[in-house]
Amino acid sequence: MKCSSPRLGILRSAIVLVACALTMPAIAGIPNISGVWNHYPPLPGTFSGQPNPPEWDPGEPPLREPYKTQWHQLQEKLAAAEAAGHPLPDDSALCRPDGTPMIMWAHYALQILQNPDLRQITVLSEFMAQTRRIYLDEDLPPIDSIDPGYLGYSVARWNGDVLEVTTAGTREDVKFMDIPHSKNMIVRERIFMDAEKFLIDEVSIEDPQYLSEYYNFRFMYKKEPLSYKISEYVCDNQRSIILPDGSLGMAVETP
Amino acid sequence: MKSLVKWMAPASLAAAIIPLPALGHHSFAMFDQRTETRLKSLVVTRFEWTNPHVFVIGTAGSTTYTLECSSPNLMGHQGWKHNTLTPGTRIDVAFYPLRNGKPGGMLKTVTLPGGKSMSAW
């Protein structure tokens, strides 16, 4: 369909424009997942006293020993510090990017862009202004050839209505759920829209060195209206400070 | 950040349930969330519309307070703007104070000169 023609009459132009508007988002039978998405269901208000919805909980990672014990000890240490009012710093407090797969946890909104000319799908994360590029119809290169990064290197193919994404090369110090991982970690994702038009990301982490089985969980997102605007996010006003005892504090203004 | 609520179990169940990390949140445990402090007629000296968090700096008497709010994007969705507060504005505030006794805290609500109340989270 040609989507513009100066020779068309007004009525015909209007019909064509409407038809184009309806059909343009779909790319040759490929599902249209472009748009702004927020994790669903939303988190409760800060002062609501309500727990986070279970959909936000990826569950305990199937770590091998001794990593499992070490991970539990770390969680207990973090919880004790929290209860004592001396919380320990985490990546968020230090203004570090999420990395993969944490970026898909969508602390704030994700904007997904589909552009067939680029042969990639781009995920823009509002939180920390992260940019994730997922290259279409490529094979994953050998892991040793990937420069380690927060997001790693992602390739994908459409399998019917499911975008199958494979990622490797996430830096070993970039941890999801405080879970250690090797340089050989592979993150596989199946991204699709369900019958109710929620976007689903089924994540499966493979890392035999650290995990006894695949670590499987999923994220769910609701699409925002076109009027939803994503804000600039530069993490540059860092009043979170590390106190002498190693805990997280807040720098107060001195008169 | 969106929520203070962690995935951790209540204290009575903590021994039986594994505490899971609170993904994506930095902790706010440095604030005493059982004590709400109220100040009337705090004079705003600076409104920092910044990430990761917005801050209100203001004085009451001879004390300068540093009050942490949510992030610009979430506050923006609730109607806040970068110039909702300007230097010299007198506001009433309710906040959770820092546990270490320093003059600051986690700002809960602001009451503007016209009487309008806004949540800072």
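The model shown is predicted, which means the values in this text are computed figures rather than measured ones. To find a chain, count down the sequence lines: A is the first, B the second, and so on, and within it residues start at 1.
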So what's closer than 4.5 Å to chain A heavy atoms on B:F31: side chain, backbone, both or neither? side chain
Using non-hydrogen atoms only, which part of [X] is less than 4.5 Å away from chain B: side chain, backbone, both, or neither?
| X | answer |
| --- | --- |
| A:E126 | side chain |
| A:S240 | side chain |
| A:C235 | both |
| A:V252 | both |
| A:A81 | neither |

Test B:L98 against A:M250 for side chain to side chain contact (heavy atoms under 4.5 Å, CB included), laying out the working first. CA-CA 8 Å; B:L98 280 164; A:M250 186 186 84; 3.9 Å; yes
Set of residues satisfying ring pair (Phe, Tyr, Trp, His ring centres under 6.0 Å) with respect to A:Y153, sequence neighbours excluded: A:Y135
Which members of residues 76-91 of chain B, sorted by number, sit under 4.5 angstrom from chain A on a heavy-atom basis? B:H77
Indicate yes or no for a side-chain donor-acceptor contact from B:N51 to the backbone of A:E232 under 3.5 Å, with no hydrogens or angles considered. yes
Please check this pair: side chain of B:T64 against backbone of A:T254, looking for a donor-acceptor N/O pair closer than 3.5 Å. no
Hey, are A:Y108 and B:S71 close enough side-chain-wise for a donor-acceptor pair under 3.5 Å? yes
Polar side chain donor-acceptor pair, B:N73 to A:S231, under 3.5 angstrom: no
Can you check side chain to side chain contact (heavy atoms under 4.5 Å, CB included) on B:R99 and A:H86, steps first, answer last? CA-CA 9 Å; B:R99 289 175 187 262; A:H86 301 288; over 6 Å; no
